[in-house]
2 protein chains.
Amino acid sequence: MNKSEVKVIGALKREGKFSSAQSLYQLLRKNGESTGLATVYRTLQKAAAENIVDVLRKDDGEALYRLCDTGHHHHLVCTNCGKTVEVEASAVEKWASTVAKNNGFKKVTHVVELFGLCQKC
Amino acid sequence: MNKSEVKVIGALKREGKFSSAQSLYQLLRKNGESTGLATVYRTLQKAAAENIVDVLRKDDGEALYRLCDTGHHHHLVCTNCGKTVEVEASAVEKWASTVAKNNGFKKVTHVVELFGLCQKC
DNA sequence: AACATAAATGAGAATGATTATCAATATCAC
DNA sequence: GTGATATTGATAATCATTCTCATTTATGTT
């Protein structure tokens, strides 16, 4: 990771929650960094490809990024308070690749997210 | 449902797969309809609010719409041509409810979609 | 039918996130 | 240091989506 990437990923880490590329860019500028918007996007895309960050989509389609705690995993999100639990899903991974094979699909990715109400809500 | 809505939803039905607002608009124009893009969006948003159509997001954030079938199932979608296969996923259903229980979540719903390239593409 | 009023429509502009372009700058091997 | 190469930031371009508004169409009343 080079200097720019450290700055972007560092900002994401400080945020500690799902953040958009735009908001990270603004944050960096506010902190006096000269980082460009394109670099923010480039860094986040690369990090997403390397599974360093998670990507979600808001209802309006805007992408949100978040530092991964662990490797590949999915989320259980409280629809009321936003609490997020990362969950393992090896069973789902297996299922996905089997289904893909059975239907002749290649390069299959999957979107798996769980939504509900946490204990407090 | 008024005339315009019938046209838009009808086009979606004829497509029989996840389609974007833009592609439906082009389809309608090709068929000689004078339907405007704004009307396509308005109709799809309304239909989504009424749970008449399913909404998904492509990787690039574009929204895809599809007439709801009855019953619960998931999709394997070709990211190139849009071909859609409905897949059963009882294994996934079980997994989802177990994870929910283990984390004290109630009323859990899930989003599970597979994307890839079909044989032709 | 004639009229008034409200709702829906389509064309095009505006918005906003993302991506592409490209000259300037930093990095690295030698 | 020198030249080759990769990275960067500013800015323009792109593209889906939303907004605006004049016009059309539906609806209700007499």
Using a cut-off of 4.0 Å on non-hydrogen atoms, how would the nucleic acid contact of Ser20(A) be classed: base, sugar-phosphate, or nothing?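 The residue Ser20(A) makes no contact with any strand.
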Under 4.0 Å between any heavy atoms, over every strand shown, what does Glu62(B) touch: base, sugar-phosphate, or nothing? Just pick one.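 Sugar-phosphate only.
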State whether the number of non-hydrogen atoms from other residues, nucleotides or ligands found under 6.0 Å of Glu50(B) atom CD is greater than 12. yes
Between [N] and [X], is there an OP1 or OP2 to side-chain N/O distance shorter than 4.0 Å?
| X | N | answer |
| --- | --- | --- |
| Thr39(A) | dG9(D) | yes |
| Tyr41(A) | dT19(C) | no |
| Gln45(A) | dT19(C) | yes |
| Asn2(B) | dT9(C) | yes |

Residue pair Gln22(A), Tyr41(A): steps toward the side chain to side chain donor-acceptor pair (under 3.5 Å) verdict: CA-CA 9 Å; Gln22(A) 298 283 349; Tyr41(A) 275 101; 3.2 Å; yes
Rounded interatomic separation in angstrom, taking [atom1] from [X] and [atom2] from [N]:
| X | N | atom1 | atom2 | answer |
| --- | --- | --- | --- | --- |
| Leu37(A) | dG16(C) | CG | C1' | 11 Å |
| Lys58(A) | dG16(C) | NZ | C1' | 11 Å |
| Lys7(A) | dT7(D) | NZ | P | 16 Å |
| Tyr65(A) | dA17(C) | OH | P | 12 Å |
| Leu24(B) | dG10(C) | CG | P | 14 Å |
| Leu44(A) | dT8(D) | CG | P | 13 Å |
| Glu5(B) | dT9(C) | CD | C1' | 11 Å |
| Leu28(B) | dT9(C) | CG | P | 13 Å |

If you check every side-chain atom of Ala21(B), which of dT17(D), dT8(D), dG10(C) has the closest atom?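 The answer is dT17(D).
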Could Lys46(B) and Glu5(B) be called an ion pair, given the rule that one side-chain N must be under 4.0 Å from one carboxylate O?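 Judged by the 4.0 Å cut-off on N to carboxylate O distance, Lys46(B) and Glu5(B) do form a salt bridge.
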Between Thr43(A) and Thr39(A), is there a donor-acceptor pair closer than 3.5 Å when you use the side chain of the first and the backbone of the second? yes
Looking at Ser34(A) and Gly32(A), would you say the former's side chain and the latter's main chain have a donor-acceptor pair under 3.5 Å?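 Not confirmed, Ser34(A) side chain does not pair with Gly32(A) backbone.
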Using a distance-only criterion (donor-acceptor N/O pair, under 3.5 Å, no hydrogens), is the base of dG10(C) paired with the side chain of Arg29(B)?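 Result: no qualifying N/O pair found.
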Quick check on DNA chain C: between Arg57(A) and Ser34(B), whose nearest nucleotide comes earlier from the 5' end?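 Looking at the nearest nucleotide for each, Ser34(B) comes out on the 5' side.
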Residue mapping more 5' on DNA chain D - nearest nucleotide basis, Ala63(B) or Lys3(B): Ala63(B)
